[in-house]
Amino acid sequence: MLNFGPFSAPVHTLRMTARIIDGKAHAAALRAELKSSVAALAARGVQPGLAVIMVGDNPASRTYVRNKVRACEEAGVLSQLHEFPADADESALLARVRELNADPRIDGILVQLPLPPHIDEARVLAAVVPEKDVDGFHVHSAGALLIGAPHFVPCTPAGIMYLLEKEAIPIAGRHAVVVGRSNIVGKPMALLLLQKDATVTICHSKTPELAAHTRRADILVAAVGRTNLIGADMVKPGACVIDVGTNRQPDGKLRGDVDFEAVRAVAGSITPVPGGVGPMTVAMLVANTLHAAQQRKQY
Ligand code: NDP
């Protein structure tokens with residue numbers, strides 16, 4: 001607690017550092033809760049099941065898939081990995097999606113992106129039945145979110161909303177700036193913040209004077225994929241800074257879109273990379289799979 005009383009240090013010697021939002025700890029707590037909900041469901045004879053489809057051998061995708069499968073197994077969720085070679089036919093993939101749509105053991109189907117360029121990503125995602133769309137990428141889920149009646153919310157923005165709630169970050173009436181407008185992070189993130197009554201600005205690669213926008217943010221979400229895009233001079237003092245970016249460095253280390261060391265001296269709270277948003281994405285997938293099982297089995 002800062003003390004500005006008569007015996008406190010002069011203000012110029014105080015260096016503010018942001019509270020670190022520990023996504024790893026929040027995700028572990030959520031996963032423990034989910035595990036007991038899964039056990040309760042299992043006691044009634046229902047084991048939630050997730051099928052992950054992976055095409056090719058992209059090392060980053062392989063790591064993400066491994067983390068997702070492991071998290072499901074730890075929570076007691078049945079998980080299946082369906083691997084296809086990089087030159088697989090789109091028709092083979094669609095046939096597998098249809099099989100999984102009809103498989104009663106499977107509650108959630110996840111197609112790991114990106115798919116190779118010869119495969120129409122939109123067509124494959126659209127083939128998943130909306131009741132099993134645990135990634136929230138189907139147009140049905142996207143539309144439901146747009147009209148304010150979310151069905152499955154994409155895991156990364158859902159995880160960020162969870163962090164904001166747990167960290168008691170005020171949203172209503174605040175100005176949120178989302179940098180990035182992808183269908184899987186930026187756009188759903190902006191919609192979720194809007195639903196919680198933030199005033200939302202969405203920035204992208206064609207936004208002139210990015211810093212003029214980010215400096216007005218009470219909540220700043222960076223979802224771009226560029227190391228250190230957000231510097232300290234782009235952040236309002238005391239802001240909550242959420243770093244979604246995962247940028248692999250030449251030395252193998254993972255860095256975010258935010259210059260963490262510089263920005264933590266200005267922000268009020270900040271997520272680190274790694275250990276911030278990433279673990280929440282995985283936990284939310286388990287949550288969505290459990291939710292899908294509960295919905296389908298009417299529990
Ligand atoms: P995309 O590449 O789909 O989207 C990136 C967005 O950033 C685009 O909207 C693009 O604008 C915008 N952009 C690019 N350059 C700039 C710039 N200089 N200034 C402002 N905006 C810019 O990426 P994703 O949304 O899929 O992912 C974003 C990042 O988040 C990546 O690093 C990814 O690895 C990471 N990620 C992390 C996850 C996690 O769990 N931690 C989960 C998902 C993603 P435009 O639309 O104009 O091209």
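Numbering of ligands and ligand atoms starts at 1, following listing order.
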Q | Heavy-atom gap C203 to ligand 1 smaller than 4.0 Å | A | no

(Q) Under a 3.5 Å distance rule, please check whether D135 uses its side chain to pair with a backbone N or O of L110 as donor and acceptor. (A) no

Q) What part of R226, side chain from CB on, backbone N/CA/C/O, both or neither, has a heavy atom under 4.0 Å from ligand 1? A) side chain

**Q.** Hydrophobic cluster partners of V177 (side-chain heavy atoms under 4.5 Å)
**A.** I20, V179, L210, L220, V224, L229, I230, M234, V235, V241, V258, F260, V263, V266, I270

Q: Output the list of atoms in ligand 1 that are nearer than 4.0 Å to some heavy atom of I184, sorted by atom number.
A: 26 (O)

Q: Give a yes or no on whether the backbone of D233 and the side-chain of R215 come within a donor-acceptor separation of less than 3.5 Å.
A: yes

Q) Shortest non-hydrogen contact from A292 to E131? A) CB-O, 4.0 Å

(Q) As a check for students: among H204, H213, M284, R181, identify the option with a heavy atom nearest to atom 8 (C) of ligand 1. (A) R181

Q: Among all protein heavy atoms, pick out the one at the shortest distance from atom 4 (O) of ligand 1; state its residue, atom name and that distance to 0.1 Å.
A: S182 CB, 3.9 Å

Q. Judging by distance only, is a nitrogen or oxygen of Y64 under 3.5 angstrom from one on ligand 1?
A. no

Q | Check: H26 main-chain N/O paired with D22 side-chain donor or acceptor under 3.5 Å | A | no

Q) Do D257 and ligand 1 have an N or O pair less than 3.5 Å apart? A) no

Q: Could you point out which residue of H213, R216, H175 forms a side-chain hydrogen bond (donor to acceptor under 3.5 Å, both in side chains) with T201?
A: H175

Q) Non-hydrogen atoms of A223 versus ligand 1: any pair closer than 4.0 Å? A) yes

Q. Going by the atom numbers of ligand 1, which of them fall below 4.0 Å from some non-hydrogen atom of G180?
A. 6 (C), 7 (O), 9 (O)

Q.
Is the contact between T246 and ligand 1 made by the side chain, the backbone, both, or neither, using heavy atoms and a 4.0 Å cut-off?
A. both

Q. So between V224, T214, I160, whose heavy atom ends up nearest atom 23 (O) of ligand 1?
A. V224

Q. G278 heavy atoms, cut-off 4.0 Å: which ligand 1 atoms fall inside?
A. 40 (O), 41 (N)

Q: Using a 4.0 Å heavy-atom threshold (strictly under), name the region of V185 that reaches ligand 1: side chain, backbone, both or neither.
A: side chain

Q: Check each atom of ligand 1 against the heavy atoms of V179 and keep those under 4.0 Å away; list them by number with element.
A: 20 (C), 21 (N)

Q) How is the hydrophobic cluster of V273 composed, in terms of its other members, when Ile, Leu, Val, Met, Phe, Trp and Tyr link through side-chain heavy atoms under 4.5 Å apart, directly or indirectly? A) L254

Q) Is L30 reachable from V244 through a run of I, L, V, M, F, W or Y residues, each pair having side-chain heavy atoms under 4.5 Å apart? A) yes

Q: Under 4.0 Å from a heavy atom of T281: give me the atoms of ligand 1 that qualify, with their elements.
A: 39 (C), 40 (O)

